[in-house]
Visitor: 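After the structure tokens below, expect a handful of questions from me.
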Number of protein chains: 2
Amino acid sequence: MTLTDLRYLVALARERHFGHAAERCNVSQPTLSVAIKKLEEELAVTLFERSAADVKITDIGARIVAQAEKVLLEAGQIKELATAGRDPLSGPLKVGVIYTIGPYLLPHLIPRVHEAAPSMPLLIQENYTARLAESLKRGDLDVIVVALPFEEPGIVTQAVYDEPFRVLMPAGHAWEKEDAIAASSLAEAPLLLLGAGNCFRDQVLEVCPMCRSGEGLQRTLEGSSLETIRHMVATGAGITVLPSSAADPLPNGNALLSVRPFVAPEPFRRVALAWRVTYPRSGAIDVIRSAILSSPLAGVRAVSR
Amino acid sequence: MTLTDLRYLVALARERHFGHAAERCNVSQPTLSVAIKKLEEELAVTLFERSAADVKITDIGARIVAQAEKVLLEAGQIKELATAGRDPLSGPLKVGVIYTIGPYLLPHLIPRVHEAAPSMPLLIQENYTARLAESLKRGDLDVIVVALPFEEPGIVTQAVYDEPFRVLMPAGHAWEKEDAIAASSLAEAPLLLLGAGNCFRDQVLEVCPMCRSGEGLQRTLEGSSLETIRHMVATGAGITVLPSSAADPLPNGNALLSVRPFVAPEPFRRVALAWRVTYPRSGAIDVIRSAILSSPLAGVRAVSR
DNA sequence: CAATGGTGATAGAGATTAACTATACAACGC
DNA sequence: GCGTTGTATAGTTAATCTCTATCACCATTG
């Protein structure tokens, strides 16, 4: 029993004439005749009464035809589903973002994506890089926004933008008179750091090797976010390093904080998109990339493909 | 897209492993692999993400699999319908009976059929032979009970029983003293006849050729039934001829009527079943025949096959 | 870093199935 | 009877399905 057989069956039930039904199915009369006979044998049921005058459907035949129509209808739905799902910009996209990007990127990203792909709702999750990578590989996420380096088997990454680091200090801090801060001097200040797991923490420590070795005055704040650290800096608890997208928008309306760049060469992080090599909706990822690049993130420089 | 393809699809969605899914479908891995690929091409949609680690279903793939399961379920229903409908004694049987048999046969027939085939309800229609034949050929009826001769192209008949004719007269009628009535004497009495269209009318007239030529005292009662004629006879309106199944049960409790047989050779009618040659539920017809033969119809003689 | 094992894709051969054309067969109507 | 109409059957061709064997890929492991 194939879907073709069922189509023949339904056609014959409608036409009540082998020849006409065959014509409607674009096959020869013997083809349809044989198919119906085969179907009757397979089901061990007489579906039609053939006579010279005409073709009559049996009671059981009518019931089976009705069911066959239901099957064909449902089968047709598959094609419709496929057609609807063919657009990579249709259907939800599961996006992961690291904690140190999400709060600054998402407010810009969401409206832009919604405009570019109205029928692609975003399901967003913030987490550590390692957790995001796990979810991505498992298929719980479709694309993640992370900082490089990021290497995983089966995962491709595409750099999107570079983002310089800034020093954030309380207003009135001694360094406020400097135009730019040397990375080496970070070890001299009480540096507030994110907890382990945040890649940004590691990147900051890389900027200041002495801090990593524990020789500085840095303090690790487990369970904190850049925002909570910023508030702590505002109260004079220490200084910190922020990515420009988090730091630059601040001072305008915030009298308690001062932001300074690093002296060249400025340390920076490279933010990238990552997805499974096998992920088929590349169009959706393009939309995300474009939306990120058109977002007004302070201080960032696009990375050409 | 075939039902087999859909089975492969569903299996793969369940197993998430081409080899295992193929095994479950009793095919080789390449077979399933190729089938899935073909399906994806036909639908122009990626259903699965293949990677070395595992097989992930895409969102659209999951939706299509759900639909495929629905299709397979409905298709399975066809087989169940066929299994259920394979029994010729299941499902309603559309029976037609001529007016001059129905009232005497059906009360006996129905309980017997119900006992022999409890899941075969009877849909019964009484009508003239010609009308029944038309309905039978059209497929509105499955089997009819008529009197022979009955010849129709595409219709087979099977004689069931012979039924002698009787003369019915009012109690106290002059012929009451006779043991048997000669057919030729019918022309001498006011004979009440059914309207045209009733085959029994013609058969009675055949018994009495003089009546046919209009030389007797007979009166045709259009729109009547044997029962109404019987009541008329009881009031003394005339005499009539009845089949034994209608006549013989009467006199016992009916002081107003007398019944007499004809002199040998008794005229009789041969009652038969008729159905389309193509009708597949011959088992159902056998049941009807048996039920008729086991019915206690007065005076009838079974006709051997 | 090379070897290994597991997994899906591909190639080519063989068998099955489905389709066609031609024709037989059956039933009715003239 | 004989032609017409309509379905079934035969035989052939073509498409398709399925198989075995093998490749290619990747991730793990010694």
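To find a chain, count down the sequence lines: A is the first, B the second, and so on, and within it residues start at 1. Atom set for the values below is all heavy atoms of this structure, side chains included, hydrogens, waters and symmetry mates excluded.
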Visitor: For the helix from dC1(C)-dG30(D) to dC30(C)-dG1(D), how many degrees between its two end axes (five pairs per end), to the nearest 10°?
Guide: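 Answer rounded to 10°: the end axes differ by 10°.
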Visitor: For Tyr8(B), which contact category applies under a 4.0 Å heavy-atom criterion: base, sugar-phosphate, or nothing?
Guide: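 If one applies the 4.0 Å heavy-atom cut-off, Tyr8(B) turns out to touch the sugar-phosphate alone, with no base involved.
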Visitor: Look for any protein N or O under 3.5 Å of an N or O in nucleotides 8-15 of chain D and output each such pair with its distance, or none.
Guide:
| residue | atom | partner | partner atom | Å |
| --- | --- | --- | --- | --- |
| dA8(D) | OP1 | Arg50(A) | NE | 2.6 |
| dA8(D) | OP2 | Ser33(A) | OG | 2.2 |
| dA8(D) | N7 | Gln29(A) | NE2 | 3.1 |
| dA8(D) | N6 | Gln29(A) | OE1 | 3.4 |
| dT9(D) | OP1 | Lys37(A) | NZ | 3.3 |
| dT9(D) | OP2 | Lys37(A) | NZ | 2.5 |

Visitor: What is the distance, to the nearest angstrom, from the CG atom on Asp54(A) to the P atom on dT7(D)?
Guide: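 Asp54(A) atom CG is separated from dT7(D) atom P by 9 Å.
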Visitor: Could you tell me whether a side-chain N or O of Arg86(A) sits under 3.5 Å from a main-chain N or O of Leu81(A), the two making a donor and an acceptor?
Guide: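 Between the backbone of Leu81(A) and the side chain of Arg86(A) there is no qualifying donor-acceptor contact (under 3.5 Å).
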Visitor: Before giving the answer on side chain to side chain donor-acceptor pair (under 3.5 Å), spell out for Thr2(B) and Arg7(B) the whole-Å C-alpha distance, their side-chain angles and the decisive distance to 0.1 Å.
Guide: CA-CA 9 Å; Thr2(B) 72; Arg7(B) 269 186 282 272; over 6 Å; no
Visitor: Under 4.0 Å from a heavy atom of chain B: give me the 5'-most and 3'-most nucleotides of DNA chain C that qualify.
Guide: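 Here the contact window of chain B covers dT7(C) to dC28(C).
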Visitor: Quick one: CD on Glu42(A) to CG on Asp5(A), what's the gap to the nearest 0.5 Å?
Guide: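 Reported to 0.5 Å precision, the distance equals 7.5 Å.
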Visitor: Rounded at 0.5 Å granularity, tell me how far CZ in Arg270(A) sits from CG in Leu148(A).
Guide: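 Answer for the CZ-CG pair, Arg270(A) versus Leu148(A), is 7.0 Å.
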Visitor: To the nearest 0.5 Å, what is the distance between CG on Leu136(A) and CD1 on Ile155(A)?
Guide: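 Output value for this atom pair is 4.0 Å.
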Visitor: Are any of Thr31(B)'s side-chain N or O atoms less than 4.0 Å away from OP1 or OP2 of dC17(D)?
Guide: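 False: Thr31(B) side-chain N/O out of range (4.0 Å or more) of dC17(D) OP1/OP2.
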Visitor: Mapping Ser28(B) and Ile155(A) to their closest nucleotides on DNA chain D, which lands nearer the 5' end?
Guide: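 Result of the comparison: Ser28(B).
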Visitor: Whole angstroms only, please: what is the CD-C1' distance between Glu49(B) and dC26(D)?
Guide: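 Going from CD in Glu49(B) over to C1' in dC26(D) covers 16 Å.
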Visitor: Using whole Å, what does the distance between atom C1' of nucleotide dC17(D) and atom CG of Leu39(B) come to?
Guide: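 So the CG-C1' distance, Leu39(B) to dC17(D), works out to 15 Å.
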Visitor: Output the distance between atom CG (Leu32(A)) and atom OH (Tyr8(A)), rounded to the nearest 0.5 Å.
Guide: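 If I round to the nearest 0.5 Å, the distance is 7.0 Å.
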Visitor: Does a side-chain N-to-carboxylate-O contact under 4.0 Å join Asp54(A) and Lys56(A)?
Guide: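 Here Asp54(A) pairs with Lys56(A) in a salt bridge, since their nearest N and O are under 4.0 Å apart.
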Visitor: Check the surroundings of atom NZ in Lys94(B): do more than 12 heavy atoms from other residues, nucleotides or ligands lie under 6.0 Å from it?
Guide: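 Above 12, so yes.
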Visitor: Grab the two heavy atoms, one from Ile57(A) and one from Ala13(A), that are nearest each other, plus how far apart they are.
Guide: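 Shortest heavy-atom contact: CD1-CB, 3.9 Å.
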Visitor: Which is more 5' along DNA chain C, the nucleotide nearest His20(B) or the one nearest Thr2(A)? Just name the residue.
Guide: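 With His20(B) and Thr2(A) compared, the 5'-side residue is His20(B).
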Visitor: If you measure from OH on Tyr161(B) to CG on Leu105(B), what distance do you get to the nearest 0.5 Å?
Guide: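 The CG atom of Leu105(B) is 5.5 Å from OH of Tyr161(B), to the nearest 0.5 Å.
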Visitor: Over how many whole Å does the gap from Asp5(B) atom CG to dT16(D) atom P extend?
Guide: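 The distance from CG of Asp5(B) to P of dT16(D) comes to 12 Å, rounded to the nearest Å.
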Visitor: Evaluate the criterion side chain to side chain donor-acceptor pair (under 3.5 Å) for residue pair Arg281(A) and Thr46(B); output intermediate values, then yes/no.
Guide: CA-CA 9 Å; Arg281(A) 291 171 65 187; Thr46(B) 303; over 6 Å; no
Visitor: When you check the phosphate oxygens OP1 and OP2 of dT7(D), does a side-chain N or O of His17(A) lie under 4.0 Å from one of them?
Guide: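 True: His17(A) side-chain N/O within range (under 4.0 Å) of dT7(D) OP1/OP2.
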Visitor: Starting from the 5' end of DNA chain D, give me the residue, Leu32(B) or Glu152(A), whose nearest nucleotide shows up first.
Guide: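 The residue mapped nearer the 5' terminus is Leu32(B).
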Visitor: Take atom CG of Leu3(B) and atom P of dC17(D), then tell me their distance rounded to the nearest Å.
Guide: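 Value for this atom pair: 13 Å.
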